[in-house]
Colleague: 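Following this message is one structure expressed as structure tokens.
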Amino acid sequence: MDGAVLSREFFDGPVEEVAPALLGHVISHRTPEGEVAARLTEVEAYAGPLDPASHAYRGPTPRNEVMFGPPGHVYVYFTYGMHFCMNLVCGPDGTSMAVLLRAGEIISGEDVARARRPRSTVRDLARGPARLCQALGVAREQNGLDVCAPGGAMTVLRGEPADPALIRNGPRTGVNGAKEIPWRFWIEGDPTVSPYRPHVPRQRRKITTEG
DNA sequence: ATCATGATGTTCT
DNA sequence: GAACATCATGATG
């Protein structure tokens, strides 16, 4: 790792091309606790207004506004009442494409990541989108950060790009709409890639058939 | 290894 | 009110 930050132009393109191109590069986040870096092994592309699975499908809202801004910024959202997930915004300002970072291998700051996820094995530290955010210390406060600024708290560093022969793609994990769009990308054989789970509708908690 | 389930609260309708 | 780009845990093979 030579410390070079990926340029904003890298993110300023079609999301289905940027997403696989990110595999092998490195997301790094510095906090007072220390710096943690993860080599990306699994991502998903979301295509804005054309994509029923995208948070931007129904247009801008307070939550998704950074998706509509310039590329190279982080979109963080809160889900299931307890987890954060992070995306990198792609495409020109005014469009709303983004790449969900789903999994990675911790390559530096492992002690800090382990302190944040004390019950996790090393392999599972960033194996899943919410785990990745936890290991990196990413939450609401990081929403909107620019990852293309050298010296910034959060950056995407140039790593060894994944061998194209090892990149696989398939349907996105846990999404309801547009199940046929095969925009999950991962590095075949890497142990830190998360297990695929199809979408399951939540059953209603309370059933009041009696009384 | 797989499967089922509960936890939790924000966001949009 | 319903859905939600999930995870940890415990049961089972």
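Here is the naming used below: chain letters follow the sequence lines, and residue numbers restart at 1 for every chain.
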Colleague: Mind checking A:R63 for me? I need base, sugar-phosphate or nothing, with any heavy atom below 4.0 Å counting as a touch.
Modeller: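 Contact class for A:R63: sugar-phosphate only.
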Colleague: What is the separation between atom CZ on A:R127 and atom P on C:dC7, rounded to the nearest whole Å?
Modeller: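 Answer to the nearest Å: 10 Å.
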Colleague: Assign A:R184 to base, sugar-phosphate, or nothing according to its heavy-atom contacts below 4.0 angstrom with the strands shown.
Modeller: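 Here A:R184 touches no strand at all.
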Colleague: With a 3.5 Å cut-off and heavy atoms only, can you find an N or O donor on one side and an acceptor on the other between the side chain of A:H199 and the base of C:dA5?
Modeller: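 Per atom types, no contact qualifies.
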Colleague: Apply ring-ring contact (aromatic ring centres under 6.0 Å, His included) to the pair A:H73 and A:F11, showing each step before the final yes or no.
Modeller: CA-CA 9 Å; A:H73 290 250; A:F11 298 97; 9.7 Å; no
Colleague: A:S120 or A:N176: which one's nearest nucleotide on DNA chain C is closer to the 5' end?
Modeller: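 It is A:N176 whose nearest nucleotide is closer to the 5' end.
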Colleague: Is any side-chain N or O of A:R197 closer than 4.0 Å to OP1 or OP2 of C:dA5?
Modeller: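 For C:dA5, OP1/OP2 do not have a side-chain N/O of A:R197 under 4.0 Å.
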Colleague: To the nearest angstrom, how far is A:Y80 atom OH from C:dT9 atom P?
Modeller: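 Rounded to whole Å, this separation is 19 Å.
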Colleague: NA contact type, A:A53, heavy-atom cut-off 4.0 Å: base, sugar-phosphate, or nothing?
Modeller: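 The answer is base, as A:A53 lies within the cut-off (heavy atoms under 4.0 Å) of a base atom.
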Colleague: Does A:Y77 contact C:dA5 through a side-chain donor or acceptor facing the base, at a distance under 3.5 Å?
Modeller: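 When only heavy-atom distances are counted, A:Y77 does reach the base of C:dA5 through a donor-acceptor pair under 3.5 Å.
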Colleague: Taking all atoms of both residues into account, what is the closest heavy-atom pair of A:N64 and A:Y75, and its distance?
Modeller: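 Result for this residue pair: CA-CE1, 4.0 Å.
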Colleague: Between C:dA5, C:dT6, B:dC12, which nucleotide has the shortest distance from any of its atoms to the side chain of A:L100?
Modeller: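 Closest nucleotide among those given: C:dA5.
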Colleague: Considering only NZ, NE, NH1 and NH2 on the basic side and carboxylate oxygens on the acidic side, decide whether A:R123 and A:D190 come within less than 4.0 Å.
Modeller: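 So A:R123 does not pair with A:D190 through a salt bridge.
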Colleague: Given B:dA7, C:dT6, B:dT11, which nucleotide is nearest the side-chain atoms of A:M82?
Modeller: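 Closest nucleotide to the A:M82 side chain: B:dA7.
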Colleague: Rounded off to whole Å, could you give me the CZ-to-P distance for the A:F78 and C:dA3 pair?
Modeller: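 Whole-Å distance recorded here is 19 Å.
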Colleague: Are A:R172 and A:Y46 in a cation-pi contact, defined as NZ or CZ under 6.0 Å from the six-membered ring centre and within 45° of the axis?
Modeller: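 Checked: cation-pi criterion met.
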Colleague: Just the rounded figure in Å: distance from P of B:dT10 to CG of A:N143.
Modeller: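 In whole Å, B:dT10 P lies 15 Å from A:N143 CG.
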Colleague: Counting only side-chain heavy atoms from C-beta out, which of C:dT9, C:dT6, B:dC12 sits nearest to A:C85?
Modeller: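 Nucleotide nearest to A:C85's side chain: C:dT6.
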Colleague: Identify which nucleotide among C:dA8, B:dT8, B:dC12 has an atom closest to any side-chain atom of A:R117, counting heavy atoms from C-beta outward.
Modeller: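 My answer, after comparing the listed nucleotides, is C:dA8.
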Colleague: Hunt down the Watson-Crick or G-U wobble partner of C:dG13, both distances under 3.5 Å, from any strand shown, or write none.
Modeller: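 C:dG13 is unpaired by these criteria.
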Colleague: Could you tell me the separation between the CG atom of A:L125 and the P atom of C:dT6, rounded to a whole number of Å?
Modeller: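 In whole Å, C:dT6 P lies 19 Å from A:L125 CG.
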Colleague: Between A:T173 and C:dA5, is there a contact of a side-chain N or O with OP1 or OP2 at under 4.0 Å?
Modeller: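 Answer is no, no contact under 4.0 Å.
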Colleague: In whole Å, I'd like the distance from the CZ atom of A:F84 to the C1' atom of B:dT10.
Modeller: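 Result: 10 Å.
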Colleague: Could you check which nucleotide pairs with B:dT8 in any of the strands shown, counting Watson-Crick or G-U wobble with both distances under 3.5 Å?
Modeller: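 When the pairing criteria are applied, nothing turns out to pair with B:dT8, so the answer is none.
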Colleague: Closer than 4.0 Å, any side-chain N/O of A:R131 to the OP1 or OP2 of C:dA8?
Modeller: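 Yes, such a contact exists.
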Colleague: For the pair made of OH in A:Y75 and C1' in B:dT10, what is the distance, rounded to whole Å?
Modeller: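 Answer to the nearest Å: 11 Å.
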Colleague: Between A:T192 and A:R131, do the side chains contain an N or O donor and an N or O acceptor separated by less than 3.5 Å?
Modeller: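 Looking only at side-chain atoms, A:R131 and A:T192 do not form any donor-acceptor pair under 3.5 Å.
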Colleague: Please give, in whole Å, the distance from B:dG6 C1' to A:H83 NE2?
Modeller: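 After rounding, the gap between these two atoms is 11 Å.
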Colleague: Ignoring hydrogens and geometry beyond distance, is a side-chain donor-acceptor pair present between A:Q134 and A:R117 at under 3.5 Å?
Modeller: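 On atom types as modelled, these side chains qualify, holding a pair under 3.5 Å.
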Colleague: Hey, does A:R58 reach any base, or is it just sugar-phosphate, or nothing, if we go heavy atoms under 4.0 Å?
Modeller: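 Sugar-phosphate: the residue A:R58, judged by heavy atoms under 4.0 Å, touches backbone atoms but no base.
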